[in-house]
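See structure below.
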Amino acid sequence: MRTKLVAGNWKMNLTAAQGAALVESFAKQVAVRYDVDVVVCPSFLSIPKVRDTVRHQGILIGAQDVFWKDEGAFTGQVSAKQLAEQSVAFCIVGHSETRGRFGKLETPESTVPFFAETDETVNLKIERLLFHGITPILCVGETLAEREAGTTDQIIEGQLRAALAGRDASELYGLVIAYEPVWAIGTGQTCAADEAERICRFIRSVVEALADNEVAIHVRILYGGSVKADNAKELFSKPNIDGGLVGGASLDAAGFAAIIMSA
Ligand code: PEP
């Protein structure tokens, strides 16, 4: 069966020292768990210190984003090759904050779309990450307007098809996909567990169509969007929800430990 996975996305919070203190604190509370993969995604600068702090605690390191070229004149960007050198095991791609808010939707400058995430750059990032042995955590999800228009499934299928185009089934066994309804991120509004399960089951069916049944069985599908200690248990008990991508609640040691214990 699939091992549950709980990933904390710290976003642009915590200094390296604060991040190290946080992981030490929750690692003590959960001890080493072999039945749950625990991942923390600090900002790039904090990765080395946090990684060294958790080295023997069974906690894995993820990055929050990556650029889609290995090297070159791309000021301010970080490549998958550089992340691999730092023992980064996972990397978030297609998060709604990097797809939308930092992208062309809010600013007209012509250079911005080049650095923002589109379906095309998400695809390129996944290709580079897999090449360097880093597991992508591919985020997909609809906005409130899309949900209200009844296009949720169509939007998610489109994001999955674009992100995974060109990948061979053999590359996708370890893939992690996070269903993150945009309207639930950081809002305190959680998707009802039955609906989250329905979408995660739908995601698995799309993966089956794009790859094959074996891949669909292996791929881990997380739910993300205002996961807290008090709703994690119900969400994680659903057959197609293999854990969570946790933002705000991962910044609190006791809360994050409780979420991990729910898995
Ligand atoms: C996220 O940013 O991926 C997220 C799920 O955030 P939050 O848990 O704060 O809604």
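Remember, it's 1-based here, ligands and their atoms both numbered in the order they're listed.
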Worksheet item: Nearest heavy atom to atom 6 (O) of ligand 1: which of P181, A7, G247, G225 does it belong to?
Response: G247

Worksheet item: Any luck finding a side-chain donor-acceptor pair between T151 and Q154 under 3.5 Å?
Response: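 No, Q154 and T151 have no side-chain donor paired with an acceptor closer than 3.5 Å.
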
Worksheet item: Side chains of D65 and T98: donor-acceptor distance under 3.5 Å anywhere?
Response: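 No pair is found: no donor N or O on one side chain lies under 3.5 Å from an acceptor on the other.
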
For [X], is at least one N or O under 3.5 Å away from an N or O on ligand 1?
X    : result
I185 : no
E97  : no
S226 : yes
G248 : yes
V246 : no

Fill in: Donor-acceptor contact below 3.5 Å, side chain T190 vs main chain S226
yes

Please give me the minimum heavy-atom distance between [X] and [Y], naming the atom from each residue.
X    : Y    : result
C191 : P181 : CB-CG, 4.2 Å
Y179 : C200 : CB-SG, 4.1 Å
L245 : C139 : CD2-SG, 3.8 Å
A169 : A211 : CB-CB, 3.9 Å

Taking only heavy atoms of [X] into account, list the atoms of ligand 1 that are under 4.0 Å away from them.
X    : value
G186 : 7 (P), 9 (O), 10 (O)
A184 : 10 (O)
N9   : 2 (O), 3 (O)

Worksheet item: Counting heavy atoms only, which part of C139 comes closer than 4.0 Å to ligand 1: side chain, backbone, both or neither?
Response: neither

Worksheet item: Where is the nearest protein heavy atom to atom 2 (O) of ligand 1: which residue, which atom, and how far?
Response: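 Ranked first by proximity to atom 2 (O) of ligand 1 is K11 NZ, 2.5 Å.
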
Practice prompt. Can you pull out the closest protein heavy atom to atom 1 (C) of ligand 1? Residue, atom name and distance to 0.1 Å, please.
Written response: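 Going atom by atom, the protein heavy atom closest to atom 1 (C) of ligand 1 ends up being H95 NE2, 3.2 Å.
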
Practice prompt. Report yes or no: does a heavy atom of A249 sit under 4.0 Å from some atom of ligand 1?
Written response: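 No, that is not the case, since the closest heavy atom of the residue is not under 4.0 Å from the ligand.
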
Worksheet item: Any non-hydrogen atom of A178 lying under 4.0 Å from ligand 1?
Response: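 Distance cut 4.0 Å: A178 fails for ligand 1.
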
Worksheet item: With a 4.0 Å cut-off, would you call D242 and R204 a salt bridge?
Response: yes

Worksheet item: Is R201 salt-bridged to E197, cutoff N-O under 4.0 Å?
Response: yes

